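Inspection log for the structure reproduced underneath, given as structure tokens.
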2 protein chains.
Amino acid sequence: MPAPMTETAKLSHQLIELYERLSSWEQDVVKSSGLSTPQMHTIEIVGHSDSLRMKDLAKKMGVTTGTLTVMVDRLEQQGLLKRTPHETDRRSYLIALTEKGQELFSEHHQYHLHLTEEITSTLSREEQAQFSAVLEKIIGQM
Amino acid sequence: MPAPMTETAKLSHQLIELYERLSSWEQDVVKSSGLSTPQMHTIEIVGHSDSLRMKDLAKKMGVTTGTLTVMVDRLEQQGLLKRTPHETDRRSYLIALTEKGQELFSEHHQYHLHLTEEITSTLSREEQAQFSAVLEKIIGQM
DNA sequence: AAATGTTGTTTGAGTGTCAAGATGTTTGTT
DNA sequence: AACAAACATCTTGACACTCAAACAACATTT
């Protein structure tokens with residue numbers, strides 16, 4: 001038996017609101033770095049993955065490899081990313097951050113941590129723990 | 001005194017994960033409607049606002065009015081949106097959904113409700129209420 | 001009435017996106 | 001070994017999104 005509609009509707013609205021605010025926050029932060037949002041997204045995923053192939057990066061980002069080719073080209077030109085040939089599969093490259101890319105990634109990661117601290121600052125330890133537990137359940141559900 | 005880094009880091013990671021999943025869910029749903037993501041976003045905002053001027057719509061969406069002009073053009077061509085002259089300010093239009101646009105909006109809204117029901121299905125009533133309360137605090141904080 | 005500000009449109013340039021086709025590589029079958 | 005099929009990436013062409021700057025029409029202020 002599902003919860004009454006009003007409860008679900010309220011939660012839905014709150015999730016959308018949270019999403020919108022995170023989105024515009026991210027947009028503002030990224031803009032100040034001089035990169036576009038998709039470019040920063042690429043940096044973030046590569047940064048979290050150490051190194052990966054075009055195909056896998058494309059899949060994680062939900063774009064085609066054709067889209068990625070030119071994106072990686074530009075990030076490479078800016079010295080943030082580098083392609084190195086795959087050791088055993090000569091069709092593939094491994095994409096990884098350069099030092100400059102690492103710095104940018106770290107800085108952006110710090111921004112995320114600061115935001116998280118800020119928005120949870122009004123929560124008690126207990127509430128934080130509850131929130132984290134619920135998030136884990138939800139994420140596992142999706 | 002801030003929470004220990006590990007807690008904040010965990011929450012930050014969970015928020016990012018939630019955001020990413022909502023993002024890819026939305027992308028999939030929108031794709032099946034034949035519209036682009038920014039187009040559907042426009043429909044959603046207009047749908048929630050009844051009617052509003054280009055300038056206000058642009059501000060809510062975080063884009064310039066120049067960007068909006070062509071977007072509204074295309075949505076108008078598809079019969080989803082309509083411009084009507086502002087009664088007192090002859091520089092402005094009021095943007096509103098057509099019936100067809102309303103239908104699309106309602107359908108998409110239903111998708112959101114279904115997703116919300118799904119992802120909160122493993123939560124008890126109490127957990128849902130806690131979650132909602134925490135979201136309210138966080139959103140108020142941003 | 002004139003100056004200034006605002007609203008929406010247009011234009012030009014760059015980026016993001018995909019589908020389809022091309023190239024070189026690997027894997028599987030014969 | 002030779003061939004075919006599958007694969008990873010890149011290229012190309014077409015279109016959408018985005019902005020900044022310039023513009024026209026209208027509103028507000030002085």
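Here is how names work: the chains are called A, B, and so on, in the same order as the sequence lines, proteins then strands, and each is numbered from 1. Computed over heavy atoms, backbone and side chain alike; hydrogens, waters and symmetry mates excluded. In this text the structure is predicted, and so the values were computed from the model without any measurement.
- The two residues B:T69 and B:R83 make their nearest non-hydrogen contact at O-NH2, 3.9 Å.
- Atom C1' of nucleotide C:dG8 and atom CG of B:D73 are separated by 11 Å, given to the nearest angstrom.
- Distance CE/B:M71 to CE/B:M54: 9.5 Å, rounded to 0.5 Å.
- When the P atom of C:dT9 is taken as reference, atom CZ of B:R74 falls 14 Å away, rounded to whole Å.
- Protein atom CG of A:L68 is 18 Å distant from nucleotide atom P of D:dT12, rounded to whole Å.
- Across all strands, A:T69 comes closer than 4.0 Å to base atoms (heavy-atom distances).
- Across all strands shown, B:T65 has heavy atoms under 4.0 Å from base atoms, whether or not it also approaches the sugar-phosphate.
- In this structure, B:Y93 and A:T37 both approach DNA chain C, and ranking their closest nucleotides by distance from the 5' end singles out B:Y93.
- Residue B:R90 has no polar side-chain atom (N or O) positioned under 4.0 Å from OP1 or OP2 of D:dA25.
- B:K55 places its NZ atom 15 Å from the P atom of C:dG5, with the value rounded to the nearest Å.
- Between B:H112 and B:W25, the ring planes are tilted. Angles from 30° to 60° get that label.
- B:L35 has its CG atom 12 Å from the P atom of D:dA16, to the nearest Å.
- Residue B:L52 contributes atom CG, which lies 14 Å from atom C1' of C:dT7 at whole-angstrom precision.
- The listed nucleotides are C:dT17, D:dC26, D:dC17; the one nearest the side chain of B:D89 is D:dC26.
- Nearest-nucleotide positions on DNA chain C place A:T67 closer to the 5' end than the other of A:T67 and A:R91.
- Side-chain N/O atoms of B:R83 include none lying less than 4.0 angstrom from OP1 or OP2 on C:dT7.
- B:T64 has a side-chain polar atom (N or O) that falls below the 4.0 Å cut-off from OP1 or OP2 of D:dC19.
- Per the geometry, CD belonging to A:Q39 stands 15 Å off P belonging to D:dT18, to the nearest Å.
- Using a 4.0 Å heavy-atom distance criterion, A:T88 is classed as a sugar-phosphate-only contact.
- Residues A:Q14 and B:S132 have side chains that bring a donor and an acceptor to within less than 3.5 angstrom of each other.
- In this model, the phosphate group of D:dT9 is not approached by any side-chain N or O of A:R53 to a distance below 4.0 Å at OP1 or OP2.
- Ranking C:dT17, D:dT11, D:dC17 by closeness to the B:M71 side chain, first place goes to D:dC17.
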Given side-chain contact (heavy atoms from CB on, under 4.5 Å), test B:H48 with B:F105 step by step and report yes or no. CA-CA 9 Å; B:H48 274 115; B:F105 173 66; 3.9 Å; yes
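- As rounded to whole Å, 12 Å separates atom C1' of C:dG16 from atom CD of B:Q27.
- Within the 4.0 Å cut-off from OP1 or OP2 of D:dC26, not a single side-chain nitrogen or oxygen of B:S92 is found.
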